[in-house]
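Reading through the structure tokens given below for one structure.
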Amino acid sequence: MTLLLVSEGRRYLCEPGEELQSDLGVLTVPESAEPGDVIETHLGTPFRVLPLRGPDLFDELERTGAPMLPRDIGLVIGLTGAGVGDRILDAGTGSGILAVYLARVGAEVISYERDESFAGVARSNMRTAGVSEQVTIRVGDVRDAIDELCLSEPFDVVTLDTGDAAAIVPSAPDLLRPGGYLVAYSPFVEQTRAVVTAARETGLSEIRAVETLQRELQIDPRGSRPTPSGVGHSGYLTVARMLPVTD
């Protein structure tokens, strides 16, 4: 079990039995260490042991690029209802941040990543997050596996974080169970438009496209206002639903 050790603004991921060396001192994490414990270095510096929560994983897991932000992931989960027992197909693993969050809400995830080195990092992140048994990472282009996937048990949710998401949308009716959701994350408006157009042509329902914006507040003695710096925009999400065909 990976633990988070925190002291004086420092954060370290450690396994029980592991030795941690820093300018704050040296300590060996006890095999019996649990969240809530306090461990001191040989210099007497206390480290608090915390469990790994989603925000910790987002901050501490290894990156292979720019991952989907927690606010986007929250929308994916909130707008699809992804949860315990769901079967999810995830295209564009990257660092695996989205797959980690989906697994931690109880879903089983099959994720495709074209870059073998990225896939290796994502597998390591799954182990750190404790969700290796719930997430299967496959190396390859999901489009090459569509025929095989369509013959398997249908998915409750399909998530697409790839530049060619619009080309995958037509396969949604064969991948999703009735009532299932398709979600595409796009950095550009043009890609979003292409996904929406493909969803309409494919006959998906409840199609909506949203931009995710968030501004942090600066609160000080003079007053409160949005911070003047920072990126408020992160990307665009398209959500569509597979509804049964009626006569």
Side-chain angles (χ1 to χ4, degrees), residues 67-68 71-94 96-114 119 122 126 131 133-188 191-212 235-247:
M68 192 180 294
R71 63 174 179 252
D72 300 302
I73 295 171
L75 279 173
V76 171
I77 294 173
L79 294 176
T80 66
V84 177
D86 280 350
R87 191 164 184 265
I88 298 179
L89 174 62
D90 172 47
T93 313
I97 301 294
L98 175 60
V100 165
Y101 272 80
L102 292 171
R104 285 172 66 87
V105 297
E108 173 193 340
V109 184
I110 297 176
S111 189
Y112 279 80
E113 172 54 53
R114 294 169 180 160
M126 298 305 130
V131 296
E133 293 186 1
Q134 293 168 257
V135 181
T136 301
I137 297 175
R138 299 176 180 175
V139 178
D141 190 325
V142 70
R143 292 180 300 175
D144 297 333
I146 290 294
D147 291 342
E148 176 187 351
L149 291 168
C150 289
L151 295 175
S152 68
E153 181 184 350
F155 295 91
D156 298 281
V157 180
V158 172
T159 63
L160 307 174
D161 187 3
T162 64
D164 58 355
I168 303 170
V169 172
S171 299
D174 297 318
L175 293 169
L176 288 168
R177 67 175 74 254
Y181 284 92
L182 173 100
V183 183
Y185 177 78
S186 309
F188 302 113
Q191 292 172 328
T192 304
R193 182 180 180 85
V195 170
V196 169
T197 300
R200 288 172 176 167
E201 293 175 349
T202 302
L204 298 181
S205 302
E206 300 179 13
I207 303 167
R208 61 187 302 190
V210 299
E211 178 183 14
T212 55
Y236 305 94
L237 283 174
T238 303
V239 182
R241 197 172 194 187
M242 180 64 203
L243 296 184
V245 177
T246 59
D247 295 333

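Predicted, not measured: the structure shown is a model, and the values here were computed from it.
- In terms of the salt bridge (charged side-chain N to carboxylate O under 4.0 Å, His left out) criterion, residue partners of Glu206 (sequence neighbours excluded) are, by chain and number, Arg241.
- Put simply, the side chain of Leu175 does not reach to within 4.5 Å of the side chain of Pro154, judged on heavy atoms.
- Closest approach of Leu176 to Tyr181, counting heavy atoms only: CD2-O, 3.4 Å.
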*Might you work through the salt bridge (Lys or Arg N to Asp or Glu O under 4.0 Å) test for Arg87 and Asp156, ending with a clear yes or no?*
CA-CA 5 Å; Arg87 191 164 184 265; Asp156 298 281; over 6 Å; no
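- Not a single salt bridge (charged side-chain N to carboxylate O under 4.0 Å, His left out) links Arg200 to another residue, sequence neighbours left out.
- Residues satisfying the salt bridge (charged side-chain N to carboxylate O under 4.0 Å, His left out) test with Glu153, not counting sequence neighbours, are Arg177.
- You'll find the side chain of Ile77 reaches within 4.5 Å of the side chain of Val105, heavy atoms only.
- Among Ile110, Asp86, Ile88, the single residue meeting the side chain to side chain contact (heavy atoms under 4.5 Å, CB included) criterion with Phe155 is Ile110.
- The minimum heavy-atom distance between Arg208 and Leu79, with the atom names listed, is NH1-CD2, 3.6 Å.
- Summarising the geometry of Ala165 relative to Val195, their closest heavy-atom pair is CB-CG2, 4.0 Å, with the distance given to 0.1 Å.
- Separating the CE atom in Met68 from the CD1 atom in Ile97 is a distance of 10.5 Å, to the nearest 0.5 Å.
- Side-chain contact between Leu204 and Leu182 is present, with heavy atoms from C-beta onward closer than 4.5 Å.
- Residues Val183 and Leu237 meet the side-chain proximity criterion, which asks for heavy atoms closer than 4.5 Å.
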